[in-house]
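Step one of this worksheet: look at the structure below.
The shown structure was predicted, so the numbers you read here are calculated from the model rather than taken from an experiment.
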Amino acid sequence: MKLSALFDLRGKVAVITGGAGWLGSAMAEALCEQGARVFIAARTRQRAEAVVQKLTADFPLSEVAYMSLDVADRDSVEGCFREVVQASGRLDILINNAYSGAQASLEKTTDAGWEQVVDVGLNGYFRCMQEAVKHMAESRSGVIINVASMYGLVSPDFSIYLDTSYMSSPAYGAAKAGVLQLSRYGACQLAPLGIRVNSLTPGPFPGSATQADESFMQRLAGKTPLGRIGQPWELKGAVAFLSSDASSYMTGQNLVIDGGWTAW
């Protein structure tokens, strides 16, 4: 089979949670570029519709739409996936990308803060997987990509954060580590249904606001063998690969895109 056919997503229907975010919008772009019909599922309508508008302009042959979703609300999750299938007749790809950015050190993390981060970043993935599987099982095919983090694999090097406000919380790391195991579990249970589940683990991809801190950027870049931070477009290839038949014999795996961060 030709590579162009392996990566072709025409006729596929995809949902990406957190698809209006810094990395999510690049992932959505990858899906559109390969021809998928894409639903940007997010809480913030205005931001999501701005992404939809841009993608529609950049890829006029692709269908892109906003879908309201709060991954912390079971009714919202059920309603979102039900509406997607009603609108498109199917569901082929789920990218779990929504997350909570609440940040606090171990000693400053409150019970409420911990629960909120884990509920969005792990429980929310679980809820979306459950709903997606209901629809994918009917066609006995489907792809689920759970976006994890380098901090689900290793601890932060606290010396690079110093007195900044960018400290990754223990709840975030615990949730992302849980995402990796949830993916392995899902891959093994759902394989007989023709559903593949893999994880995508980004390394240092700080947003534009964080990049304004040049001193921190230098310390962050210095932690990677490639000596720089990642740019959102550098995840597009991995998303296209995991979403398509190019990875058809791959499930239960974790694809790490981190500039070598976890290789030291």
Side-chain angles (χ1 to χ4, degrees), residues 17-18 21-24 27 42-43 70-74 77 95-130 144-187 197-213 215-225 229-230 232 235 252-264:
T17 72
W22 178 248
L23 300 184
M27 297 177 194
R43 289 182 300 173
D70 179 355
V71 299
D73 184 324
R74 171 66 73 173
V77 173
I95 300 182
N96 265 322
N97 178 61
Y99 85 106
S100 167
Q103 297 165 320
S105 62
L106 181 67
E107 66 273 19
K108 293 182 179 179
T109 295
T110 64
D111 284 357
W114 175 279
E115 290 164 5
Q116 194 268 338
V117 171
V118 172
D119 195 35
V120 172
L122 178 57
N123 300 344
Y125 280 32
F126 162 71
R127 295 184 189 102
C128 290
M129 285 180 67
Q130 275 195 326
I144 297 173
I145 303 170
N146 291 325
V147 179
S149 167
M150 62 187 185
Y151 287 151
L153 293 171
V154 297
S155 170
D157 177 348
F158 299 104
S159 67
I160 70 173
Y161 291 91
L162 302 176
D163 296 324
T164 69
S165 60
Y166 316 127
M167 176 68 69
S168 180
S169 75
Y172 178 81
K176 291 303 187 181
V179 164
L180 295 173
Q181 177 58 18
L182 178 62
S183 299
R184 288 187 288 262
Y185 186 105
V197 186
N198 290 294
S199 301
L200 174 61
T201 292
F205 285 82
S208 55
T210 305
Q211 290 184 39
D213 186 338
S215 177
F216 177 65
M217 286 300 99
Q218 290 176 358
R219 297 196 300 274
L220 195 66
K223 280 287 295 180
T224 69
I229 62 171
L235 294 175
Q253 303 304 307
N254 180 36
L255 188 55
V256 183
I257 313 294
D258 69 350
W261 183 288
T262 58
W264 287 114

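- Here I144 contributes atom CD1 and N198 contributes atom CG; the two are 10.0 Å apart, rounded to the nearest 0.5 Å.
- For the residue pair R127 and Q130, no side-chain donor N or O sits within less than 3.5 Å of a side-chain acceptor on the partner.
- Atom OG1 of T201 and atom CD of Q253 lie 11.5 Å apart (nearest 0.5 Å).
- A heavy-atom distance below 4.5 Å is found between the side chains of V71 and C128.
- In terms of modelled atom types and a separation under 3.5 Å, the side chain of N97 and the main chain of G18 share a donor-acceptor contact.
- Taking CD of Q116 as the start and OG1 of T110 as the end, the distance is 9.5 Å to the nearest 0.5 Å.
- In this structure, CH2 in W114 is found 8.0 Å from CG in L106, a value given to the nearest 0.5 Å.
- With sequence neighbours excluded, no residue forms a salt bridge (Lys or Arg N to Asp or Glu O under 4.0 Å) with D258.
- Rounded to the nearest 0.5 angstrom, D157 CG and L220 CG are separated by 10.5 Å.
- By the ring pair (Phe, Tyr, Trp, His ring centres under 6.0 Å) test, Y185 is found to be paired with no residue, residues two or more places apart in sequence or in another chain being considered.
- Partners of R74 under the salt bridge (Lys or Arg N to Asp or Glu O under 4.0 Å) rule, at least two apart in sequence or in another chain, are E131.
- Atom CD1 of residue I160 and atom NZ of residue K223 lie 6.5 Å apart, to the nearest 0.5 angstrom.
- Taking the six-membered ring where tryptophan is involved, the planes of Y172 and Y99 are perpendicular, since the angle between them exceeds 60° and thus also 30°.
- Residues meeting the salt bridge (Lys or Arg N to Asp or Glu O under 4.0 Å) test with D73, sequence neighbours left out: none.
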Distance-only criterion, 3.5 Å: show the donor-acceptor pairs between side-chain atoms of residues 148-156 and protein atoms not counting sequence neighbours.
residue : atom : partner : partner atom : Å
S149    : OG   : Y151    : N            : 3.0
Y151    : OH   : Y161    : OH           : 2.6

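- For the pair Y125 (side chain) and K176 (backbone), a donor-acceptor distance under 3.5 Å is absent.
- Side-chain atoms of P232 and L23, non-hydrogen and from C-beta on, do get closer than 4.5 Å to each other.
- Judged as a salt bridge (Lys or Arg N to Asp or Glu O under 4.0 Å), and not counting sequence neighbours, R43 has no contacts.
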